[in-house]
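In what follows, chains carry the letters A, B, and so on, assigned in the order in which the sequence lines appear, proteins first and then strands, with residues in each chain numbered from 1.
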Protein chains: 2
Amino acid sequence: MNKQKVLLVDDEQDILDLIGFNLEKEGFEVFTANNGRDGLELARKNNPDLVLLDVMMPGMDGMETCRELRDDDNLKNVLIAFLTARNEDYSQIAGFDAGADDYIAKPIKPRVLVSRVKALLRRNSGAEIEVKEAPSHGIVIDKERYVVFKEGVQLNLPKKEFELLALLTSAPGRVFTRETILANVWGNDVIVGDRTIDVHIRKLREKLGDDNFKTVKGVGYKFEP
Amino acid sequence: MNKQKVLLVDDEQDILDLIGFNLEKEGFEVFTANNGRDGLELARKNNPDLVLLDVMMPGMDGMETCRELRDDDNLKNVLIAFLTARNEDYSQIAGFDAGADDYIAKPIKPRVLVSRVKALLRRNSGAEIEVKEAPSHGIVIDKERYVVFKEGVQLNLPKKEFELLALLTSAPGRVFTRETILANVWGNDVIVGDRTIDVHIRKLREKLGDDNFKTVKGVGYKFEP
DNA sequence: AGCTAAGGTTAATAAACCCTTAATGCTAGG
DNA sequence: CCTAGCATTAAGGGTTTATTAACCTTAGCT
């Protein structure tokens with residue numbers, strides 16, 4: 001697997017060095033820029049998986065940079081996280097709708113930041129759920145809002161149901177073994193009985209329609225529109 | 001496209017120089033006056049797109065100047081923003097309705113001011129609406145003055161409540177995890193219990209309406225108009 | 001400094017909700 | 001028609017959140 005690319009944009013060289021060093025140590029490929037314009041250029045050239053943007057920068061600030069990124073067809077879906085300084089005028093950072101995926105408050109301990117970065121990338125690499133385009137089956141999953149739409153009707157699913165659904169729909173038609181389901185939704189160190197899965201499947205069937213969830217006896221379950 | 005014209009009126013020469021310089025650097029055509037009367041005259045001669053008015057000035061103050069501008073047929077639609085000192089007595093300008101389009105609190109960092117100015121001009125060039133008229137949910141947040149309006153009624157929220165609200169409303173509908181909330185409102189090195197968030201959420205619900213804040217169990221909270 | 005009031009945090013209890021399991025019924029394939 | 005595997009239901013237990021009130025800290029005033 002290729003290294004994942006992170007673009008880091010901040011006007012303080014210290015920050016670039018510190019965070020950059022720590023991210024590289026963790027196996028990321030890191031690009032740095034100390035202003036929005038250079039950041040944009042680097043982003044266009046290298047197609048990063050994640051952009052960490054300082055909000056407050058001279059010249060083009062983080063929000064402006066974010067907007068420009070979102071305007072670029074090749075980059076509009078890149079992950080963007082804002083670095084926000086809490087001691088700075090907080091008023092400037094909120095209320096914008098530039099399309100950030102996360103906020104990360106400074107100051108932050110390097111290892112905390114690294115784990116946030118990993119979490120962000122994991123969220124997006126694992127189960128790739130389309131939010132924008134409504135798939136043909138009429139079920140849309142919005143992970144950001146933790147909300148599911150069934151033919152336009154909004155449903156609020158509990159966490160486990162939501163995650164199970166997200167898993168199954170991440171590869172429609174594919175059979176997920178009970179083992180796989182347990183590992184992904186419950187985690188490897190949690191021990192629950194097999195019936196637990198059944199019950200959650202049933203709830204999904206109840207809420208989203210029986211026909212969408214097929215049982216493959218002795219193997220597992222699959223989502224099929 | 002022609003340069004956009006900004007008229008700057010303040011009795012302090014330092015301010016005129018500093019702000020004027022920064023606006024010019026960003027490509028605006030800047031006129032300055034150090035009192036209301038000269039400001040009016042300049043406005044009539046040059047037809048600026050935006051007037052930045054200091055509230056406190058000897059002689060004709062900002063409010064008076066503003067009224068006169070609004071009385072002038074050629075200028076009644078010009079954008080006007082007041083420069084107000086943060087520690088000034090707001091009661092003077094609170095119920096004031098001379099027709100300002102924005103308040104900008106001093107002291108303000110030049111780059112912040114520039115982006116405010118741009119936002120103002122952008123607002124007026126393209127579409128209209130907003131800020132006063134508010135997003136659809138009827139809750140307006142004035143981060144500059146740490147004040148919130150709920151359906152036109154002014155609320156003074158304490159700092160933590162305000163920042164929590166600002167965070168949640170910065171991306172309506174989106175779920176913020178407790179972790180993210182803590183990082184952004186409290187900071188990464190402050191340690192507080194989870195119940196603290198609950199309590200602040202409750203206060204917001206009390207003041208702004210229960211329905212606007214939704215709990216996503218096991219995940220976090222979201223603001224939803 | 002001392003006083004007062006407001007903001008912020010926590011503890012404690014109650015309530016809501018979700019997860020899990022047990023118990024029982026069902027179905028398909030041998 | 002027997003059995004392994006799945007479906008269904010409801011209840012219990014446990015976890016997460018709501019709510020309230022007390023406590024501590026801080027800011028503003030005198």
Side-chain angles (χ1 to χ4, degrees), chain A residues 86 90 146-148 155-168 175-187 189-224, chain B residues 86-91 146-148 155-168 175-187 189-224:
Chain A
R86 277 190 22 82
Y90 183 88
Y146 251 82
V147 153
V148 175
L155 298 175
N156 286 298
L157 300 186
K159 194 179 173 194
K160 282 281 188 292
E161 288 171 39
F162 186 88
E163 289 178 354
L164 176 56
L165 176 65
L167 177 66
L168 292 178
V175 180
F176 289 83
T177 65
R178 285 166 179 278
E179 207 176 294
T180 304
I181 292 173
L182 282 180
N184 283 285
V185 177
W186 275 263
D189 28 54
V190 181
I191 300 170
V192 294
D194 265 8
R195 291 309 114 240
T196 300
I197 297 178
D198 301 26
V199 172
H200 281 90
I201 288 285
R202 190 191 151 277
K203 288 179 180 161
L204 288 180
R205 284 176 169 155
E206 214 168 57
K207 293 173 182 171
L208 294 167
D210 277 26
D211 306 335
N212 292 320
F213 303 91
K214 299 213 168 147
T215 304
V216 183
K217 261 188 129 172
V219 186
Y221 296 94
K222 65 177 168 178
F223 173 81
E224 209 153 29
Chain B
R86 212 185 258 285
N87 293 330
E88 221 158 13
D89 186 1
Y90 283 124
S91 60
Y146 259 82
V147 156
V148 174
L155 298 175
N156 284 297
L157 298 186
K159 190 177 172 196
K160 283 282 188 288
E161 286 171 41
F162 185 89
E163 292 186 352
L164 176 57
L165 176 67
L167 178 65
L168 292 179
V175 178
F176 289 83
T177 64
R178 284 168 181 277
E179 194 185 11
T180 302
I181 292 173
L182 282 180
N184 284 286
V185 177
W186 276 264
D189 28 52
V190 181
I191 299 170
V192 294
D194 265 8
R195 290 310 114 240
T196 300
I197 297 178
D198 302 27
V199 172
H200 281 89
I201 288 283
R202 187 183 154 283
K203 289 179 180 162
L204 287 179
R205 283 178 169 154
E206 217 167 55
K207 293 175 182 170
L208 294 167
D210 276 27
D211 305 335
N212 292 320
F213 303 90
K214 296 209 170 151
T215 304
V216 182
K217 249 191 144 170
V219 186
Y221 294 94
K222 64 179 165 178
F223 172 80
E224 209 155 31

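- From one end of the helix from dA1(C)-dT30(D) to dG30(C)-dC1(D) to the other, with five pairs defining each end axis, the axis direction shifts by 30° (rounded to 10°).
- Under the ring pair (Phe, Tyr, Trp, His ring centres under 6.0 Å) criterion, Y146(A) pairs with F162(A), sequence neighbours left out.
- Distance CG (D198(A)) to P (dT20(C)): 12 Å, rounded to an integer number of Å.
- As a whole-Å value, the separation of I201(B) CD1 from dT9(C) P is 14 Å.
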Contact string for nucleotides 21-30 of chain C, one letter per nucleotide 5' to 3', B = base within protein heavy-atom range under 4.0 Å, S = sugar-phosphate only, - = neither, reads B-----BS--
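- F213(A) has its side chain within reach of L165(A): a pair of non-hydrogen atoms, C-beta onward, lies under 4.5 Å apart.
- A search for side-chain contact (heavy atoms from CB on, under 4.5 Å) contacts involving K222(A) returns V175(A), K214(A), V216(A), E224(A), not counting sequence neighbours.
- The salt bridge (charged side-chain N to carboxylate O under 4.0 Å, His left out) check on E163(A) picks up nothing, with sequence neighbours excluded.
- Toward the 5′ end of DNA chain D lies the nearest nucleotide of G220(A), the other residue of the pair E206(A) and G220(A) mapping further downstream.
- A heavy-atom distance below 4.5 Å is found between the side chains of I181(A) and W186(A).
- Within the nucleic acid shown, Y221(A) comes within 4.0 Å of sugar-phosphate atoms alone, with no base atom in reach, counting heavy atoms only.
- Residues forming a salt bridge (charged side-chain N to carboxylate O under 4.0 Å, His left out) with K203(A) (at least two apart in sequence, or on another chain): none.
- Going from atom CZ of R202(B) over to atom P of dT9(C) covers 16 Å, rounded to whole Å.
- In this structure, CG of N156(B) is placed 13 Å from C1' of dG7(C), rounded to the nearest angstrom.
- Across the protein-nucleic acid pair, K159(A) atom NZ and dC19(C) atom P stand 9 Å apart, rounded to whole Å.
- dG8(C) atom C1' lies 14 Å from atom CG of L182(B), rounded to whole Å.
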For residues 195-202 of chain A, which side-chain N or O atoms pair as donor and acceptor with protein atoms under 3.5 Å away, sequence neighbours left out?
unit_1  : atom_1 : unit_2  : atom_2 : d
R195(A) : NH1    : D198(A) : OD1    : 3.0
R195(A) : NH1    : D198(A) : OD2    : 2.2
T196(A) : OG1    : G193(A) : O      : 3.3
D198(A) : OD1    : R178(A) : NH1    : 3.0
D198(A) : OD1    : R178(A) : NH2    : 3.1
H200(A) : ND1    : T196(A) : O      : 3.0
R202(A) : NH1    : E206(A) : OE2    : 3.1
R202(A) : NH2    : E206(A) : OE2    : 2.3

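- Annotation for V148(A) and L208(A): closest pair CG1-CD2, 4.2 Å, computed over non-hydrogen atoms.
- With rounding to whole Å, K203(A) atom NZ is found 10 Å from dC17(C) atom C1'.
- Residues satisfying the side-chain hydrogen bond (donor to acceptor under 3.5 Å, both in side chains) criterion with K217(A), sequence neighbours excluded, are absent altogether.
- Distances shown here put every side-chain N or O of W186(A) at or beyond 4.0 Å from the OP1 or OP2 atom of dC19(C).
- From the 5' end on, the contacts that DNA chain D makes with chain B at under 4.0 Å to a non-hydrogen atom open and close at dT16(D) to dT20(D).
- Rounded to a whole Å, the CZ atom of R205(B) is 14 Å from the P atom of dA16(C).
- Residue F213(A) is out of contact with every strand shown, counting any heavy-atom pair closer than 4.0 Å.
- Taking K207(A) as the reference, E161(A) meet the side-chain hydrogen bond (donor to acceptor under 3.5 Å, both in side chains) condition, with sequence neighbours excluded.
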